[in-house]
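All remarks here apply to the structure that follows.
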Amino acid sequence: MSTPQVVVHRDKELMAQAAAARLITKIVDAQAARGSASVVLTGGRNGNGLLAALATAPARDAVDWSRLDLWWGDERFLPEGDPERNATQAREALLDAVELDPARVHYMPAADGTYDDADAAAEAYAAELAAAARPEDHGPVPCFDVLLLGVGPDTHVASLFPELPGVRETERTVVGVHGAPKPPPTRVSLTLPAIRAAREVWLLAAGEDKANAVTMALSGAGEIQAPAAGAYGRRRTLWLLDSAAAAKLPRGLYPPSSP
């Protein structure tokens, strides 16, 4: 378990640009060290904002996009191409503009008839993760280089909502989510054990509507009540915030040098 580090930026635009620059550096370093890199994407306004910033980043082409494995932390169980799917939004923001290897882009299953329900889709994605895991990963999922998460106003991450069964899961790596309080109600999500397999977990939050959630998650709340509190990486846990989301944090939780 890594101790959270907090970085606060002036506004959401600067936060997205800075996060994009960090991610480019992390991917390039991983590719130089191991030949490839793996990143777990997140949806929502902050996840999509990061992808849009990546698309226009000056150093975008430093990444060898063909040697990047992409996974998703969660997905809305909707038909392929639905505008509400995280994958659809990611393609529009970035993925269609870069030269990815299609075999390395691991979309979560859609509600297209291949799988009867979100639970079957979750089992299939868990099997895909397990097939990609290597002996040195020491578990049923790859040791992702960076796993990105947005933080909801209710402290949810991925599609793990407070008090719902998904956040209590300790064995499975992927679960179907039913009755989510945020539409659509049916989803597929990584679990906390899968999230914690990542080398680094980066949590993104911007806007005053996230301030209470950020403070709760960073102030010792339990993961059942505040799922974001249970999201951490093996080596590093990084909270990337704008000033509005950080407004209620004690100043001692982040360094004075935070821009």
Side-chain angles (χ1 to χ4, degrees), residues 39-51 70-95 105-130 132 140-142 144 147-198 201-205 209-210 213 217 223-231:
V39 173
V40 180
L41 300 181
T42 187
R45 68 182 190 229
N46 293 317
N48 291 327
L50 168 56
L51 295 182
L70 290 178
W71 302 86
W72 269 260
D74 74 318
E75 185 57 276
R76 290 89 182 261
F77 194 58
L78 297 168
E80 183 71 31
D82 188 288
E84 292 300 309
R85 274 179 63 84
N86 289 334
T88 305
Q89 296 172 9
R91 291 185 63 177
E92 292 174 353
L94 172 69
L95 306 190
V105 182
H106 304 275
Y107 296 111
M108 283 186 163
D112 61 2
T114 303
Y115 300 99
D116 293 337
D117 55 28
D119 296 321
E123 288 182 16
Y125 206 64
E128 189 171 353
L129 285 163
V141 300
F144 312 110
L147 186 145
L148 301 167
L149 293 170
V151 179
D154 60 354
T155 72
H156 84 265
V157 289
S159 283
L160 303 177
F161 293 89
E163 304 287 353
L164 290 190
V167 76
R168 301 175 186 271
E169 180 62 46
T170 59
E171 299 296 330
R172 291 177 292 173
T173 58
V174 191
V175 291
V177 177
H178 306 275
K182 178 181 178 180
T186 307
R187 299 157 174 254
V188 178
S189 181
L190 297 189
T191 61
L192 288 178
I195 288 169
R196 294 167 183 162
V201 170
W202 299 3
L203 297 104
L204 312 172
D209 62 323
K210 306 293 180 71
E223 63 196 39
I224 305 301
Q225 294 74 34

Residue pair Arg172, Glu123: steps toward the side chain to side chain contact (heavy atoms under 4.5 Å, CB included) verdict: CA-CA 9 Å; Arg172 291 177 292 173; Glu123 288 182 16; over 6 Å; no

Working for side chain to side chain contact (heavy atoms under 4.5 Å, CB included), residues Leu190 and Leu147: CA-CA 11 Å; Leu190 297 189; Leu147 186 145; 4.1 Å; yes

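Under the 30°/60° scheme for interplanar angles, the aromatic rings of Tyr125 and Trp71 are found to stand perpendicular.
Here the side chain of Asn86 pairs a donor or acceptor atom with the backbone of Asp74 at under 3.5 angstrom. Judged by distance alone, the side chain of Glu75 and the main-chain N or O of Tyr107 form no donor-acceptor pair under 3.5 Å. Glu128 places no side-chain N or O within 3.5 Å of a backbone atom of Ala130 that could act as its donor or acceptor partner. Panel note: side chain Thr42, backbone Gly47; no donor-acceptor pair is recorded below 3.5 Å.
In this structure, CD in Glu80 is found 9.5 Å from OG1 in Thr114, a value given to the nearest 0.5 Å. The line from CG of Leu95 to CG of Leu51 is 6.5 Å long, rounded to the nearest 0.5 Å. Between the NE2 atom of His106 and the CG atom of Leu41 there is a distance of 11.0 Å, given to the nearest 0.5 Å. Atom-to-atom distance recorded for Asp82:CG and Phe77:CZ is 12.0 Å, nearest 0.5 angstrom. Note: Leu149 CG to Asn46 CG = 11.5 Å, rounded to the nearest 0.5 Å.
Annotation: side chain of Lys182 is in contact with side chain of Phe161 (closest heavy-atom distance under 4.5 Å). At a threshold of 4.5 Å between non-hydrogen side-chain atoms, the residues Gln225 and Glu163 count as touching. Contact annotation: the side chain of Pro184 approaches that of Arg187 to within less than 4.5 Å [non-hydrogen atoms, C-beta and beyond]. Side-chain contact between Pro193 and Thr173 is absent, with no heavy-atom pair separated by less than 4.5 Å. Using a 4.5 Å cut-off on side-chain heavy atoms (C-beta onward), Thr155 and Pro227 make contact. Residues Thr88 and Leu78 have side chains not in contact (no heavy-atom distance under 4.5 Å, counting atoms from C-beta outward).
For Glu84, the salt bridge (charged side-chain N to carboxylate O under 4.0 Å, His left out) partners at least two apart in sequence or on another chain are Arg76. Partners of Glu223 according to the salt bridge (charged side-chain N to carboxylate O under 4.0 Å, His left out) rule, which considers only residues two or more places apart in sequence or in another chain, are Arg196.
Of all heavy-atom pairs spanning Trp72 and Leu70, the tightest one is CZ3-O, 4.2 Å. The two residues Thr191 and Gly166 come nearest to each other via the heavy atoms CG2-O, 4.5 Å. Of all the heavy atoms in Ala194 and Phe144, the pair that sits closest is O-CE1, 4.0 Å. Residues Gln89 and Asn48 come closest through the heavy atom pair OE1-ND2, 2.8 Å. Minimum interatomic distance between Ser159 and Ser189 (heavy atoms only, all atoms of both residues): N-OG, 3.1 Å. Across all non-hydrogen atoms, the minimal contact from Leu164 to Gly179 is CD1-O, 4.1 Å.
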